Amino acid sequence: MTDTTRDNALAVIVLAAGQGTRMKSSVPKVLHRIGGRPLVGHVLHTAADLGPVETLVVVRHERDLVAKAIADLDPNAHVVDQDEIPGTGRAVEVALEQLGGFAGDVLVLSGDCPLVDAGTLAAFVASHRAADAAVTLMTAVLEDPTGYGRVIRDADGDVARIVEQKDADDAERAVREINAGMYVFRAEALRTYLPAIGTDNAQAEKYLTDVAALVRGAGGRVAASVVDDVTLTYGVNDRAQLSEVGRLLNARTVRRWQLEGVTVLDPATTWIDVDAKLAPDVTVLPNTHILRTTTIASGAIVGPDTSLVDCEVGEDATVTRTDATLAVIGANATVGPFAYLRPGTYLGDKGKIGTFVETKNSTIGEASKVPHLSYIGDTTIGKHVNLGAGAITANYDDLNKHRTEIGDEVHSGSHNVFVAPVRIGDGAKTGAGAVIRKDVPAGALALSVAPQRNVEGWVEKNRPGTGAADVAAKARSAQKADDGAQEEDR
Ligand code: UD1
Ligand code: CA
């Protein structure tokens with residue numbers, strides 16, 4: 001693992017052992033999500049882009065949960081356990097032990113600072129190497145530096161030390177340049193100075209930030225890289241910051257797709273997860289959520305008021321006021337308004353899932369339509385089928401789920417119930433109101449409703465004195481007079 005011969009090798013240490021008390025959550029802070037990915041996932045993803053020889057993630061609070069998530073997020077990352085000694089300095093110290101005699105640079109990142117990008121970090125590492133510094137800090141000048149460690153510079157403007165908010169005096173608190181919590185160290189500097197750090201401070205912790213003063217005291221060089229875009233340094237400590245950082249990430253994602261040729265009418269109400277993919281000439285209408293691994297092909301129009309989770313939308317499809325999860329929508333298909341597509345829905349090219357339609361675990365073939373007021377579950381529908389309004393598949397018999405199979409070119413009447421398991425042959429038709437309990441052969445017409453019988457005068461006889469009886473009596477006598485007149489004309 002350790003390559004002592006390559007001085008320019010880079011190792012990354014991600015700090016993720018803290019409790020995140022201010023989140024007031026049963027979920028560890030670094031596992032809270034923005035953009036469809038846990039906070040620490042963003043950091044690991046960015047770190048991986050730098051091609052480090054090693055990525056170590058320090059854990060302690062909710063250790064097993066966090067370790068499992070890290071294994072899923074980046075199988076190449078190694079989990080390191082922090083012991084009972086608290087503080088960022090101790091966290092880096094335990095990780096460093098795993099690096100043996102590593103002689104390159106160590107980039108330290110926080111699991112709760114997800115907005116920093118690989119380009120910024122690459123430039124940061126390059127500036128550290130160009131300056132031949134023992135340590136380089138990332139700093140930012142904030143309007144309100146409250147809560148952060150302050151960067152204290154000497155008369156020459158060089159970094160002398162970092163003082164935490166809780167340990168700072170009034171003059172130090174007035175400093176607006178803050179430590180962003182991201183650093184590059186020569187591994188050798190960490191090995192030399194971390195053991196020397198004590199816990200004599202307001203939080204009784206081993207502060208990583210104390211390395212700076214120790215390096216300076218020994219005549220070493222501490223460099224600082226001031227970032228212009230302060231939002232890159234934003235960390236998440238509470239839920240308000242979680243939403244703020246999530247909003248900034250989303251704004252960045254939306255803008256990226258806009259520059260790739262996607263029309264987004266209203267970035268403020270459009271939410272696109274980092275793993276979603278949109279082709280040029282997709283149009284996204286307001287209040288639309290494109291989540292997880294959703295992909296949208298060129299020419300598709302999505303929204304308004306639509307949420308797609310792990311979906312695939314084909315070319316030139318339209319999806320309007322729809323909620324869909326794990327669904328595939330074919331090219332030129334139309335969905336909605338007010339459709340609910342549950343997992344396992346496959347809508348063929350040119351197909352339609354219309355208004356107030358719910359689908360689940362069903363394939364609707366090419367150019368087939370389920371236009372209105374339907375529930376289609378555990379069903380296979382062939383090509384060029386049209387189901388009348390109110391088609392319901394009764395897929396559940398109280399014990400088991402069964403499939404409905406509908407062939408090609410089937411047309412069903414309005415308000416049909418298909419009691420599964422049942423099979424409708426190619427080209428068959430069904431009458432209005434049919435309850436289809438038995439298979440329908442290809443080309444047959446299935447009728448299950450008894451012929452209509454009209455009982456003349458029923459309303460006048462059984463509902464005398466009602467408005468209905470009055471108008472019925474009038475209509476019937478007018479009809480009689482009319483019939484009589486016609487009789488005389490003959
Ligand atoms: C830290 C810095 C502060 C800087 C700020 C930037 C120190 C002493 N202070 O303060 O100068 O302005 O970040 O955001 O480093 N962690 C561990 N083990 C621990 C303690 C923390 O792994 O024992 C992890 C946390 O999970 C977190 C990161 O280290 O990811 C930072 O810890 P946090 O407690 O948030 O430090 P701050 O008080 O924000
Ligand atoms: Ca923090």
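Just so it is clear, the model here is predicted, and its values are computed rather than measured.
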Legend entry - Pro114 vs Ile34 side-chain heavy atoms within contact, under 4.5 Å: yes

Inset, instruction - Look at the side chain of Arg239 and the backbone N and O of Leu242, then say whether any donor-acceptor pair between them is shorter than 3.5 Å. - result: no

Legend entry - Residue pair Val222 / Ala212: nearest heavy atoms and the distance that separates them: CG2-O, 3.5 Å

Legend entry - Working for side-chain contact (heavy atoms from CB on, under 4.5 Å), residues Leu73 and His45: CA-CA 8 Å; Leu73 289 162; His45 201 265; over 6 Å; no

Inset, instruction - Please report the shortest heavy-atom distance between Arg63 and Val79, naming the atom on each side. - result: NH2-CG1, 4.0 Å

Inset, instruction - May I ask you to check whether Asn237 and Lys29 show a side-chain donor-acceptor distance below 3.5 Å? - result: yes

Inset, instruction - Please say which of Arg60, Lys206, Arg90 ends up in a salt bridge (Lys or Arg N to Asp or Glu O under 4.0 Å) with Asp83. - result: Arg90

Inset, instruction - Indicate yes or no for a side-chain donor-acceptor contact from Ser25 to the backbone of Val27 under 3.5 Å, with no hydrogens or angles considered. - result: yes

Legend entry - Nearest-0.5 Å distance that lies between atom CD1 in Ile178 and atom CG in Leu142: 4.5 Å

Legend entry - Close side-chain approach of Lys360 and Tyr375, heavy atoms under 4.5 Å: yes

Legend entry - Leu137 CG to Glu177 CD distance, which is reported to the nearest 0.5 Å: 8.5 Å

Legend entry - From His42 atom NE2 to Leu109 atom CG, the distance as rounded to the nearest 0.5 Å: 14.0 Å

Inset, instruction - Carefully, step by step, assess Val40 and Val66 under the rule side-chain contact (heavy atoms from CB on, under 4.5 Å). - result: CA-CA 9 Å; Val40 69; Val66 179; 5.5 Å; no

Legend entry - Pairwise distance CG(Asn201) to OG1(Thr209) - rounded to 0.5 angstrom: 8.0 Å

Legend entry - Residues Arg342 and Glu358 bridged, charged N to O under 4.0 Å: yes

Inset, instruction - Kindly give the heavy-atom pair with the smallest separation between Leu326 and Cys311, and that separation in Å. - result: N-SG, 3.9 Å

Inset, instruction - Spell out, as yes or no, whether a donor-acceptor pair under 3.5 Å connects the side chain of Thr288 to the backbone of Thr270. - result: no

Legend entry - Separation between CD1 of Ile376 and CG of Leu341, rounded to the nearest 0.5 Å: 11.5 Å

Legend entry - Glu260/Lys277 ion pair, N-O < 4.0 Å: no

Inset, instruction - Verify, without hydrogens or angle tests, whether Asp349 (side chain) and Ala331 (backbone) share a donor-acceptor contact under 3.5 angstrom. - result: yes

Legend entry - Passing candidate, salt bridge (Lys or Arg N to Asp or Glu O under 4.0 Å) with Arg37, options Asp275, Asp74, Asp273: Asp275

Inset, instruction - Decide whether Asn287 and Asp305 meet the rule of one side-chain donor and one side-chain acceptor closer than 3.5 Å. - result: yes

Inset, instruction - Without swapping roles, check the side chain of Gln98 against the backbone of Ala95 for a donor-acceptor pair under 3.5 Å. - result: no

Legend entry - No-hydrogen, no-angle side-chain donor-acceptor test under 3.5 Å, Thr393 and Asn395: no

Inset, instruction - Taking Asn416 for its side chain and Ser414 for its backbone only, find out whether a donor-acceptor pair lies under 3.5 Å. - result: yes

Inset, instruction - State, yes or no, whether a side-chain contact exists between Val57 and Val43 at a heavy-atom distance under 4.5 Å. - result: no

Legend entry - Within-4.5 Å side-chain heavy-atom neighbours: Thr136 and Ser127: yes

Inset, instruction - State whether the side chain of Glu244 and the backbone N or O of Arg247 hold a donor-acceptor pair below 3.5 Å, judged by distance alone. - result: no

Inset, instruction - Could you tell me whether Lys68 and Asp72 have a side-chain N and a carboxylate O separated by less than 4.0 Å? - result: yes

Inset, instruction - Say whether Asp310 and Thr293, considering side chains only, have a donor N or O and an acceptor N or O under 3.5 Å apart. - result: yes

Inset, instruction - Output yes when Lys401 and Asp378 qualify as a salt bridge under the 4.0 Å nitrogen-oxygen rule, no when they do not. - result: no

Inset, instruction - Output yes when a side-chain donor or acceptor of Ser412 lies under 3.5 Å from a complementary backbone atom of Gly388, and no otherwise. - result: yes

Legend entry - Non-hydrogen side-chain atoms of Pro145 and Val175 separated by less than 4.5 Å: no

Inset, instruction - To the nearest 0.5 angstrom, please state how far the CG atom of Asp105 sits from the CZ atom of Phe185. - result: 11.0 Å

Inset, instruction - For the residue pair His289 and Trp271, categorise the inter-ring angle as parallel (less than 30°), tilted (30 to 60°) or perpendicular (more than 60°). - result: tilted

Legend entry - Closest heavy-atom pair and its distance - Asp81, Val94: O-CG2, 3.9 Å

Legend entry - Enclosure of His415 NE2 (heavy-atom neighbours >12, cutoff 6.0 Å): no

Inset, instruction - Take atom CZ of Arg173 as the centre, draw a 6.0 Å sphere, and report whether it contains more than 12 heavy atoms from other residues, nucleotides or ligands. - result: yes

Inset, instruction - Evaluate the side-chain contact (heavy atoms from CB on, under 4.5 Å) criterion for residues Leu115 and Arg252: first the C-alpha distance (whole Å), next the side-chain angles of each, then the deciding distance (0.1 Å), finally the verdict. - result: CA-CA 10 Å; Leu115 292 182; Arg252 187 198 285 178; 3.6 Å; yes

Inset, instruction - Decide yes or no for Pro421 and Thr404: does some side-chain heavy atom of the first lie under 4.5 Å from some side-chain heavy atom of the second? - result: no

Legend entry - Where Ala180 and Cys113 come nearest, the two heavy atoms and their spacing: O-SG, 4.4 Å

Legend entry - Close side-chain approach of Val116 to Leu121, heavy-atom, < 4.5 Å: yes

Inset, instruction - State whether the side chain of Thr88 and the backbone N or O of Leu208 hold a donor-acceptor pair below 3.5 Å, judged by distance alone. - result: yes

Inset, instruction - Test Glu172 against every option in Lys166, Arg153, Arg161 by the salt bridge (Lys or Arg N to Asp or Glu O under 4.0 Å) rule and name the one that passes. - result: Arg161

Inset, instruction - Only pairs at least two apart or in different chains count here, so list each side chain to side chain donor-acceptor pair (under 3.5 Å) that has a residue in residues 363-374. - result: none

Legend entry - Minimum side-chain heavy-atom gap Ile381-Val370 below 4.5 Å: yes

Inset, instruction - Determine the minimum heavy-atom distance between Asn250 and Pro267, stating which atoms define it. - result: ND2-O, 4.0 Å

Inset, instruction - Apply side-chain contact (heavy atoms from CB on, under 4.5 Å) to the pair Asp167 and Tyr207, showing each step before the final yes or no. - result: CA-CA 11 Å; Asp167 301 294; Tyr207 288 167; 2.8 Å; yes

Inset, instruction - Kindly check if the number of other-residue, nucleotide or ligand heavy atoms within 6.0 Å of NZ (Lys429) is above 12? - result: yes

Legend entry - Backbone of Tyr148 reached by a side-chain donor or acceptor of Arg150 within 3.5 Å: yes

Legend entry - Neighbour count >12 (heavy atoms, 6.0 Å) for atom CZ, Arg403: yes

